[in-house]
Asker: 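Pasting a structure here, questions to come.
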Amino acid sequence: MPELPEVEVTRLSFAERIQGAEVTAVRLGKPLRWPLGVEPQQIVTQRVGPVTRRGKYLWLPLDRGGLLMHLGMSGSLSFASAPAAPGPHDHFDLVTARGTLRLTDPRRFGAVVWAPAIDAGAAAKLLAGLGVEPFDSAFTGAHLHKALRRRRVAIKTALLGGDIVVGAGNIYACEALFEAGIDPRTRSDRLSRVRCEALAEAVRKTLGRALESGGSTLRNFRDAHGIAGAFQLQARVYGRAGQACPRCGATIRRTVQGQRATFFCPGCQRR
DNA sequence: AAGTGGACCTGCTAGC
DNA sequence: TGCTAGCAGGTCCACT
């Protein structure tokens with residue numbers, strides 16, 4: 001589910017309200033991807049600081065460390081002052097005086113992990129190796145071109161890797177490549193500098209538009225207020241195999257790369 | 001170093 | 001109507 005826009009929309013929807021709140025209880029459901037890494041009791045009485053995002057991870061700082069959270073494929077966070085009784089897919093509650101932050105995640109690929117600091121322990125390990133932020137000034141066509149020079153994998157696969165630029169998952173990688181007019185099967189090291197400039201711009205534009213739309217809701221994504229996203233309605237290739245390309249009218253195709261579905265227009269996306 | 005495939009887990013849908 | 005195969009927004013890890 002959640003790619004960078006969904007994670008950022010989620011962050012914006014509860015960060016201000018939870019900041020400064022004291023943790024009064026922690027409730028764990030079924031195991032998530034990794035163990036919490038601390039006794040829940042150790043978190044109680046700590047205060048929540050400003051929530052930040054790195055790639056698709058959220059960092060929730062506490063007085064003596066913090067929690068690194070990931071929504072996996074099917075996770076979402078809610079923040080409510082009077083939460084319902086936990087359901088079968090509610091696997092983490094951070095109860096505070098201001099409300100309860102709850103991770104709901106049917107597939108349990110998500111995670112909540114304690115670390116003494118964002119650059120220490122488990123957090124450091126998980127965040128190491130992430131690429132640049134797409135909205136950072138360091139993310140340029142030149143950066144992309146330099147990184148892609150040593151890669152022979154298809155550009156779609158390279159974008160999804162997250163070690164060059166973070167944030168574009170399967171939907172937005174497909175959409176950005178469409179935006180840039182690049183065939184997703186193009187070998188990374190064959191992309192010219194000019195096309196890398198176009199791609200960097202397309203990634204920013206695509207993620208930016210999704211952010212403005214509140215993210216994409218394919219199945220169950222909601223922000224912490226329970227609001228669904230709307231970007232999926234403006235997706236131009238993702239999930240549209242067999243339909244006409246909105247730009248050139250050719251039939252959109254579906255293929256598989258690295259065990260993930262890829263959607264593209266054979267008419268206006270070139271190698 | 002870079003690339004590949006498998007692993008994690010559950011729910012929904014299309015098709016028989 | 002009921003069962004089953006296939007698919008889903010991520011990413012870590014082991015292995016070549």
Side-chain angles (χ1 to χ4, degrees), chain A residues 1-10 29-35 37 53-58 68-77 87-92 103-113 122-131 146-177 185-190 203 206-207 209-211 213-223 228-235 237-242 254-263:
Chain A
M1 155 205 128
E3 304 182 35
L4 183 147
E6 291 76 28
V7 176
E8 182 63 8
V9 164
T10 297
K30 286 188 186 175
L32 291 161
R33 180 158 191 179
W34 295 292
R53 179 191 56 74
R54 174 76 175 98
K56 298 169 191 167
Y57 287 93
L58 290 178
L68 192 69
M69 314 183 86
H70 197 288
L71 302 180
M73 287 278 265
S74 58
S76 60
L77 287 170
H89 301 309
D90 297 332
H91 304 303
F92 180 83
L103 175 66
T104 303
D105 184 5
R107 292 178 73 181
R108 291 190 282 127
F109 289 169
V112 181
V113 177
K125 189 184 174 192
L126 291 170
L127 299 179
L130 289 189
K146 187 178 175 190
L148 292 174
R149 255 186 346 212
R150 323 178 239 115
R151 301 296 192 87
R152 308 174 62 142
V153 287
I155 182 59
K156 158 83 180 330
T157 304
L159 278 183
L160 274 188
D163 51 341
I164 297 174
V165 57
V166 295
N170 210 28
I171 298 177
Y172 302 122
C174 290
E175 294 298 312
L177 286 163
R185 302 165 298 182
T186 309
R187 255 178 60 162
S188 298
D189 58 0
R190 299 269 173 81
V203 168
T206 303
L207 294 176
R209 273 205 294 252
L211 215 38
S213 303
S216 298
T217 298
L218 259 46
R219 290 177 181 72
N220 50 18
F221 173 71
R222 294 288 188 281
D223 70 12
F231 182 85
Q232 71 281 5
L233 301 174
Q234 32 174 320
V237 288
Y238 186 85
R240 301 196 185 280
R254 178 189 190 276
T255 184
V256 174
Q257 296 178 287
Q259 303 156 190
R260 312 293 304 277
T262 294
F263 298 88

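Just so we're on the same page: letters track the sequence lines, and every chain starts at 1.
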Asker: Taking everything shown except Arg187(A) itself, do over 12 heavy atoms lie less than 6.0 Å from its CZ?
Answerer: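 Atom CZ in Arg187(A) is crowded, with more than 12 foreign heavy atoms closer than 6.0 Å.
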
Asker: DNA chain C in dot-bracket, Watson-Crick or G-U pairs under 3.5 Å, [ ] crossing, | other strand?
Answerer: .|||||||.|||||||

Asker: Side chain of Arg152(A) only, please: which of dG3(B), dT11(C), dG6(B) is the nearest?
Answerer: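 Of all the options, the side chain of Arg152(A) is nearest to dG3(B).
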
Asker: So if I apply the side chain to side chain contact (heavy atoms under 4.5 Å, CB included) rule between Tyr172(A) and each of Thr206(A), Val203(A), Leu4(A), which one comes out positive?
Answerer: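 It is Thr206(A); the other options fail the test.
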
Asker: Run Val7(A) and Leu58(A) through side chain to side chain contact (heavy atoms under 4.5 Å, CB included) and show every step you take.
Answerer: CA-CA 8 Å; Val7(A) 176; Leu58(A) 290 178; 3.6 Å; yes

Asker: Go through the N and O atoms of the side chain of Arg108(A) and the base of dT10(B), and report whether any donor-acceptor pair is under 3.5 Å.
Answerer: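 Absent.
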
Asker: If each of Gln259(A) and Leu130(A) is mapped to the nucleotide of DNA chain C with the nearest heavy atom, which maps nearer the 5' terminus, i.e. the 5' end?
Answerer: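 The residue closer to the strand's 5' end, by nearest nucleotide, is Gln259(A).
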
Asker: For a quick test of reading the model: is some side-chain N or O of Lys56(A) closer than 4.0 Å to OP1 or OP2 of dC12(C)?
Answerer: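 Result: no.
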
Asker: Are the side chains of Thr104(A) and His89(A) in contact, using a 4.5 Å heavy-atom criterion?
Answerer: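 With C-beta onward as the side chain, the pair touches.
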
Asker: Could you tell me whether the side-chain ring of Phe109(A) sits stacked on the base of dT11(C), using a centroid cut-off under 5.5 Å and a plane angle under 30°?
Answerer: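 Phe109(A) vs dT11(C): stacking no.
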
Asker: Return no unless some side-chain N or O of Arg33(A) is found under 4.0 Å from OP1 or OP2 of dT11(C).
Answerer: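 For dT11(C), neither OP1 nor OP2 has a side-chain N or O of Arg33(A) closer than 4.0 Å.
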
Asker: Does a nitrogen or oxygen in the side chain of Lys30(A) sit under 4.0 Å from OP1 or OP2 of dC9(B)?
Answerer: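 Indeed not, no polar side-chain atom of Lys30(A) lies that close.
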
Asker: Of the options dG6(B), dG11(B), dG10(C), whose atoms approach the side-chain atoms of Arg260(A) most closely?
Answerer: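 Nearest to the side chain of Arg260(A) among the choices is dG10(C).
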
Asker: Please assess Lys156(A) against Asn170(A) for the test side chain to side chain contact (heavy atoms under 4.5 Å, CB included), listing each intermediate value before the final yes or no.
Answerer: CA-CA 9 Å; Lys156(A) 158 83 180 330; Asn170(A) 210 28; 2.8 Å; yes

Asker: Verify the contact: side-chain N or O of Tyr57(A) to OP1 or OP2 of dC12(C), cut-off strictly under 4.0 Å; return yes or no.
Answerer: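 Yes, such a contact exists.
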
Asker: Which is true for Arg150(A) with a 4.0 Å heavy-atom rule: it touches a base, it touches only sugar-phosphate, or it touches nothing?
Answerer: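 It contacts sugar-phosphate atoms only.
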
Asker: Can you list the residues that meet the salt bridge (Lys or Arg N to Asp or Glu O under 4.0 Å) rule with Arg151(A), with sequence neighbours excluded?
Answerer: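 Partners of Arg151(A) under the salt bridge (Lys or Arg N to Asp or Glu O under 4.0 Å) test: Asp163(A).
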
Asker: What's touching nucleotides 14-16 of chain C from the protein side, N or O pairs under 3.5 Å?
Answerer:
none

Asker: Take Leu177(A) and Thr262(A) through the side chain to side chain contact (heavy atoms under 4.5 Å, CB included) test and state the conclusion after the steps.
Answerer: CA-CA 10 Å; Leu177(A) 286 163; Thr262(A) 294; over 6 Å; no

Asker: Does a side-chain N or O from Tyr172(A) land closer than 4.0 Å to OP1 or OP2 of dG9(C), or not?
Answerer: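 So the side-chain polar atoms of Tyr172(A) never come under 4.0 Å of the phosphate oxygens OP1 or OP2 of dG9(C).
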
Asker: For dA8(C), does the base pair up with any side-chain atom of Arg107(A) as donor and acceptor (N or O, under 3.5 Å, distance only)?
Answerer: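 Looking at the base of dA8(C), it does pair with a donor or acceptor on the side chain of Arg107(A) (distance under 3.5 Å).
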
Asker: Is any side-chain N or O of His89(A) closer than 4.0 Å to OP1 or OP2 of dT10(B)?
Answerer: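 False: His89(A) side-chain N/O out of range (4.0 Å or more) of dT10(B) OP1/OP2.
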
Asker: For the side chain of Ile171(A), counting heavy atoms from C-beta on, which of dC7(C), dG9(C), dA2(B) is nearest?
Answerer: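 Comparing dC7(C), dG9(C), dA2(B) against the side chain of Ile171(A), the answer is dG9(C).
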
